[in-house]
Amino acid sequence: MNTIGHLINGKTVANDPRQQDVINPSTNEVIGRVSLASQATVEEAIAAAEAAYPAWRDLPPIKRARIMYRFKDLLEQNADKICEMITREHGKVLNDAMGELQRGIENVEYACGVPELLKGEHSKNVGPAIDSWSEFQPLGVVAGITPFNFPAMVPLWMWPMAVACGNAFILKPSERDPSSALYIAELGIEAGIPAGILNVVNGDKEAVDTLLTDKRVQAVSFVGSTPIAEYVYTTGNANGKRVQAFGGAKNHAIIMPDADLDNAVSALMGAAYGSCGERCMAISVAVAVGDDTAEALIEKLKERIAALKIGDGMDNSNDMGPVVTRQQLEKIEGYIAKGIEEGAELVVDGRGLKVPGFEDGNYLGACLFDKVKEGMVIHAEEIFGPVLCVMRVDSMQEAMEIIDAHEYGNGTCLFTRDGEAARYFSDNIKVGMVGINVPLPVPVAFHSFGGWKRSLFGDLHAYGPDAVRFYTKRKTVTQRWPASGVREGAQFNFPSNG
Ligand code: NAD
């Protein structure tokens, strides 16, 4: 049995008494055992990070950047192996895993520019013979806690930039699919990151709580569900840490009567059902403006859903793999039953799907609800599965009010051919990431990612320019050198009293 341990001070260790099964969601077979770090194990990682930090902080940024270039090459060389690890433990289709990894690599590319990003700000003559500048110093030991749904990409949002900025990092990946994050960190060490600067501790609440309370940890970046994000944010803050905690989502797409419906339906299929709906930017609600739009939308979605290919993620001809765990599958089925009970119309029912050869897998076909209303649980809560809810409204304003009233504000999009409507929507909607005819407006690596409302606790967004600010602290130096006489003393003019 494959035992998945921790990476501490450059070495793999796995001597914690507590372990947990890692399961292939396509078959429900146990494929590994992950060590769950005790408080003492996490403290060992923190001590290693603290010891390695001073020399790394003082290394010129260009040398740290060169390691990031080597790391990027290693990620590309080992991409197939990484994607297989993701698919085996998460269930998403290999091509989708490759997309995730590529998005992660783009964050490493951005971190390669760290000498430029850390240049700071300089003003000459802020007063008579006085210069002033702001520089950005690393924080010290920092930590990241990541979710199951992007086991490779979300860690890559965090640690390459943190480490490139001169910090020492401790990553706590999801215990459900820990292998790819651990292997990627090993590649980081192979690229030249010193032992102790990058550590991985696998585990659960005990590991997270240790990172949140240990005074040596300066900052914590968290991505996961909203209740845990809120807990991490308040606990980390109460212990004097800088914290950013990204939470759950309920992302709405508005379909206007003038939209190119075929284009919108193609976009919705990928955004609602890709990765089995287990994306924080998945579109889980389509708000159709006008009954005619809704009827046409439902008909086209039904046709496309009937053609979906669902099966093992190792087969790239499939569109959708299994749900991550049996427990998650049951939770989603509970939401579907609740939706029916509350009066929504289940027009496509994906329950009870059996995939030949994978009968024990956590399979659920695409589900489509029509006539979903505000106040229903399936609209209020994040389902995190392949369930798309259609709501019907009479105007764009009504659709925007529904979105603005929702507690989550991660992503949203508008399908229209009208530029003025698009501009009004992006100016006024109370959501952090907006797409116009783009269903998954996940910012590229040189912008930053983050939602509003209860989708993000904290001020700065993830990756991009905000990550440079999150992983550094500003120091502003104001400098004046009064005349000391040294310069005059060094003059070679012929002395005179003239
Ligand atoms: P989760 O909250 O269950 O777990 C996230 C992390 O928290 C894991 O590392 C886990 O070990 C840890 N954790 C779990 N329970 C804990 C507890 N009681 N105390 C301390 N730590 C705990 O989330 P998940 O199911 O792995 O991921 C899915 C969720 O993440 C969804 O809600 C999704 O929307 C969200 N997500 C958000 C973003 C974003 O950027 N906003 C991105 C990806 C995923």
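Read the numbers this way: they start at 1 and go in the same order the structure lists the ligands and their atoms.
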When distances are taken from atom 44 (C) of ligand 1, the protein heavy atom at minimum range is Asn149 OD1, 3.2 Å
Lys92 bridged to Glu100 by N-O distance under 4.0 Å | yes
With Arg469 as the cation and Phe136 as the aromatic partner, state whether NZ or CZ is under 6.0 Å from the six-membered ring centre and within 45° of the axis.
-> yes
Identify which of Leu212, Ile145, Val232 has a heavy atom lying nearest to atom 12 (C) of ligand 1.
-> Ile145
Ligand 1 to Val223, heavy atom cutoff 4.0 Å, flagged ligand atoms 5 (C), 36 (N), 37 (C), 38 (C), 39 (C), 40 (O), 42 (C), 43 (C), 44 (C)
If you have a sec, work out which protein heavy atom is nearest atom 31 (C) of ligand 1 and how many Å separate them, to one decimal?
-> Glu382 OE1, 3.4 Å
In terms of its nearest heavy atom to atom 15 (N) of ligand 1, the top option of Ile228, Thr235, Leu171 is Ile228
Look at the rings of Trp157 and Phe449 and say which category their plane angle falls in: under 30° parallel, 30 to 60° tilted, over 60° perpendicular.
-> tilted
Which atoms of ligand 1 have any heavy atom of Glu175 under 4.0 Å away?
-> 10 (C), 11 (O)
Would you call Arg326 and Glu330 a salt bridge, taking side-chain N to carboxylate O under 4.0 Å as the test?
-> no
Could you see which bit of Thr146 sits under 4.0 Å from ligand 1, with heavy atoms only: side chain, backbone, both or neither?
-> backbone
Residues in side chain to side chain contact (heavy atoms under 4.5 Å, CB included) contact with Val393, at least two apart in sequence or another chain | Val287, Val289, Glu398, Ala399, Ile402
Is there a nitrogen or oxygen of Lys172 sitting under 3.5 Å from a nitrogen or oxygen of ligand 1?
-> yes
Does His461 have any ring pair (Phe, Tyr, Trp, His ring centres under 6.0 Å) partners at least two apart in sequence or in another chain, and if so, which?
-> none
Looking only at protein heavy atoms, which one is nearest to atom 7 (O) of ligand 1, and how far off is it?
-> Phe222 CE1, 3.3 Å
Ligand 1-proximal atoms of Arg279, by part, heavy-atom distance under 4.0 Å | neither
Using distance alone, decide if ligand 1 has a nitrogen or oxygen within less than 3.5 Å of any nitrogen or oxygen in Phe148.
-> yes
Residue and atom name of the nearest protein heavy atom (relative to atom 37 (C) of ligand 1), distance in Å to one decimal = Gly247 O, 3.0 Å
NZ/NE/NH1/NH2 to OD/OE distance under 4.0 Å, Glu230 and Arg454 = yes
Using heavy atoms and a threshold below 4.0 Å, how should the contact between Tyr408 and ligand 1 be classified: side chain, backbone, both, or neither?
-> neither
Taking the side chain from Thr235 and the backbone from Val232, do they hold a donor-acceptor pair closer than 3.5 Å?
-> no
Which heavy atom in Lys250 sits nearest to a heavy atom in His379, and how many Å separate them?
-> CE-O, 3.3 Å
Side chains of His447 and Asp466: is there a donor and an acceptor less than 3.5 Å apart?
-> no
N or O pair under 3.5 Å between Phe449 and ligand 1 = no
Between the candidates Ser225, Gly144, Cys280, which shows the shortest non-hydrogen contact distance to atom 36 (N) of ligand 1?
-> Cys280
Please answer whether the main-chain N or O of Val431 pairs with a side-chain N or O of Asn410 as donor and acceptor at a distance below 3.5 Å.
-> no
In ligand 1, the atoms that come under 4.0 Å of a heavy atom of Asn410 are 41 (N)
Identity and distance of the protein heavy atom lying nearest atom 19 (N) of ligand 1 | Lys205 CG, 3.5 Å
Using a 4.0 Å heavy-atom threshold (strictly under), name the region of Val208 that reaches ligand 1: side chain, backbone, both or neither.
-> side chain
Protein heavy-atom partner closest to atom 28 (C) of ligand 1 - residue, atom, separation in Å = Phe384 CE2, 3.6 Å
With under 30° as parallel and over 60° as perpendicular, where do the rings of Tyr233 and Phe457 fit, or are they tilted in between?
-> tilted
Nearest-contact summary for atom 27 (O) of ligand 1 - protein heavy atom, Å | Pro147 CB, 3.3 Å
Could you tell me whether the side chain of Leu388 reaches within less than 4.5 Å of the side chain of Phe369, counting heavy atoms only?
-> no
Protein heavy atom at shortest distance from atom 3 (O) of ligand 1 | Arg176 NH2, 3.7 Å
So is there a nitrogen or oxygen of Asp209 less than 3.5 Å from a nitrogen or oxygen in ligand 1?
-> no
Numbered atoms and elements of ligand 1 in range of Trp157, under 4.0 angstrom, heavy atoms = 40 (O)
How far apart are the C-alpha atoms of Phe71 and Trp159, what are their side-chain angles, what is the distance that settles it, and do they pass the ring pair (Phe, Tyr, Trp, His ring centres under 6.0 Å) test?
-> CA-CA 12 Å; Phe71 173 52; Trp159 72 252; 4.9 Å; yes
